[in-house]
Amino acid sequence: QVQLVESGGRLVQAGGSLRLSCAASGRTFSNYDMGWFRQPPGKEREFAAAITWSGNNTYYAESVKGRFTISRDNARNTVYLQMNSLKPEDTAAYYCAAERFIRDMQAILGPPPYSGMDSWGKGTLVIVSS
C-alpha cells in the first residue's frame, strides 16, 4: 500500500494562491491514479481534482475548474494541487488519495464516500480569509 503525506496548507487571503503537495512512499507511485479531495467544516468530503497515473488526463470539480491545477512528478513521487484565485468557500481540509490505475478511477470519480481508494493521506488544512 502506498503511504501519502500532504503539506502546504495554511491561512491565505481571498484571491491568493497556494500549492499543496502530496508525497508518496512505499509502492510504485506510477501505478496509481491520484485524487485531491476536500472536506469543508461541517460538510462531507468532496472531490476536487484527479490525475491519471501517466499525468496525461486530469479531471476537476466544477467548483474549482479554471482555478485549480493538478499535476504530478512520478520521479519525485509527488502530486501537486496549485490553487489560484482562492475563495473563502475553498476553506477545507484537503486530502490526497491513491487508486490503482487498473481500477480505471472507479473510486476517484465515483460517488461519495469514494470507497475503494487504496490510500488516503491525513490531510492539510487550508483556510481562506475574506
Side-chain angles (χ1 to χ4, degrees):
Q1 201 174 28
V2 63
Q3 287 79 49
L4 305 172
V5 178
E6 303 94 336
S7 61
R10 62 175 176 86
L11 174 65
V12 62
Q13 286 191 331
S17 297
L18 275 180
R19 189 177 80 158
L20 305 183
S21 299
C22 172
S25 62
R27 292 287 186 178
T28 304
F29 181 62
S30 58
N31 285 346
Y32 293 88
D33 297 324
M34 299 297 296
W36 282 99
F37 297 79
R38 64 185 187 179
Q39 188 164 11
K43 297 184 179 180
E44 292 188 348
R45 191 170 298 187
E46 62 186 26
F47 168 76
I51 189 167
T52 53
W53 66 273
S54 63
N56 287 343
N57 297 95
T58 57
Y59 306 86
Y60 297 95
E62 284 298 321
S63 58
V64 307
K65 196 173 292 185
R67 300 187 298 122
F68 290 12
T69 302
I70 188 170
S71 62
R72 68 189 294 161
D73 184 339
N74 285 347
R76 296 179 182 269
N77 292 345
T78 303
V79 61
Y80 304 98
L81 187 67
Q82 177 66 43
M83 305 187 295
N84 299 329
S85 302
L86 283 161
K87 305 175 181 179
E89 51 264 44
D90 294 319
T91 294
Y94 283 73
Y95 300 87
C96 69
E99 182 178 16
R100 286 166 290 164
F101 75 91
I102 59 174
R103 287 180 47 82
D104 204 23
M105 288 192 163
Q106 290 180 51
I108 289 177
L109 300 180
Y114 313 106
S115 302
M117 301 300 293
D118 289 276
S119 298
W120 289 91
K122 294 186 177 181
T124 186
L125 185 61
V126 173
I127 301 174
V128 184
S129 63
S130 56

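Model, not experiment: these values are computed from the prediction.
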Shortest non-hydrogen contact from Tyr114 to Met117?
O-CG, 3.1 Å
Would you mind writing out the side-chain donor-acceptor pairs for residues 96-109 within the sub-3.5 Å range, not counting sequence neighbours?
from: Glu99; atom 1: OE1; to: Ala107; atom 2: N; distance (Å): 3.3
from: Glu99; atom 1: OE1; to: Ile108; atom 2: N; distance (Å): 3.0
from: Glu99; atom 1: OE2; to: Arg103; atom 2: NE; distance (Å): 2.8
from: Glu99; atom 1: OE2; to: Arg103; atom 2: NH2; distance (Å): 3.4
from: Glu99; atom 1: OE2; to: Gln106; atom 2: N; distance (Å): 3.3
from: Glu99; atom 1: OE2; to: Ala107; atom 2: N; distance (Å): 2.9
from: Arg100; atom 1: NE; to: Asp118; atom 2: OD1; distance (Å): 2.9
from: Arg100; atom 1: NE; to: Asp118; atom 2: OD2; distance (Å): 3.4
from: Arg100; atom 1: NH2; to: Asp118; atom 2: OD1; distance (Å): 3.4
from: Gln106; atom 1: NE2; to: Arg103; atom 2: O; distance (Å): 3.1

Considering non-hydrogen atoms only, spot the tightest contact between Ala14 and Ser130 and give its length.
CB-CA, 4.3 Å
For the aromatic rings, using the six-membered ring if either is Trp, is the centroid distance between Phe37 and Tyr94 under 6.0 Å?
no
Any Leu81 side-chain heavy atom under 4.5 Å of Thr69 side chain:
no
Do Tyr80 and Ile70 have side-chain heavy atoms sitting under 4.5 Å apart?
no
Spell out, as yes or no, whether a donor-acceptor pair under 3.5 Å connects the side chain of Asp33 to the backbone of Trp53.
yes
Within-4.5 Å side-chain heavy-atom neighbours: Leu86 and Phe68
yes
Using side-chain heavy atoms (C-beta onward) and a distance below 4.5 Å, is Tyr59 in contact with Ile51?
no
Test log, rule side-chain contact (heavy atoms from CB on, under 4.5 Å), inputs Ser17 and Gln82
CA-CA 7 Å; Ser17 297; Gln82 177 66 43; 4.0 Å; yes
Mind checking whether Ile127 and Trp36 sit in one hydrophobic cluster, side chains of I, L, V, M, F, W, Y counted as touching below 4.5 Å?
no
Do Arg72 and Met34 have side chains that approach each other closer than 4.5 Å (heavy atoms only, starting at C-beta)?
yes
Can you tell me if Thr28 uses its side chain to pair, donor with acceptor, with the backbone of Ser30 under 3.5 Å?
no
Rounded to the nearest 0.5 Å, how far does CG of Leu125 lie from OG1 of Thr91?
8.0 Å
Value for CG (Leu11) from OG (Ser129), rounded to nearest 0.5 Å, stands at 5.0 Å
Give a yes or no answer on whether the side chain of Ser119 reaches the backbone of Gln3 with a donor-acceptor pair at less than 3.5 Å.
no
Residues 41-48 side chain polar contacts: donor-acceptor under 3.5 Å, at least two apart:
from: Glu46; atom 1: OE2; to: Arg38; atom 2: NE; distance (Å): 2.7
from: Glu46; atom 1: OE2; to: Arg38; atom 2: NH2; distance (Å): 3.3

Test side-chain contact (heavy atoms from CB on, under 4.5 Å) on Val128 and Lys87; report intermediate values, then the result.
CA-CA 6 Å; Val128 184; Lys87 305 175 181 179; 5.5 Å; no
Do Thr124 and Leu20 pass the side-chain contact (heavy atoms from CB on, under 4.5 Å) test, and can you show the C-alpha distance, the side-chain angles, and the key distance before you say yes or no?
CA-CA 8 Å; Thr124 186; Leu20 305 183; 4.1 Å; yes
With a 4.5 Å cut-off on side-chain heavy-atom distances among I, L, V, M, F, W and Y, is there a chain of contacts connecting Val79 to Tyr60?
yes
Hydrogens and angles aside, do Asp73 and Thr78 bring a side-chain donor and acceptor to less than 3.5 Å of each other?
no
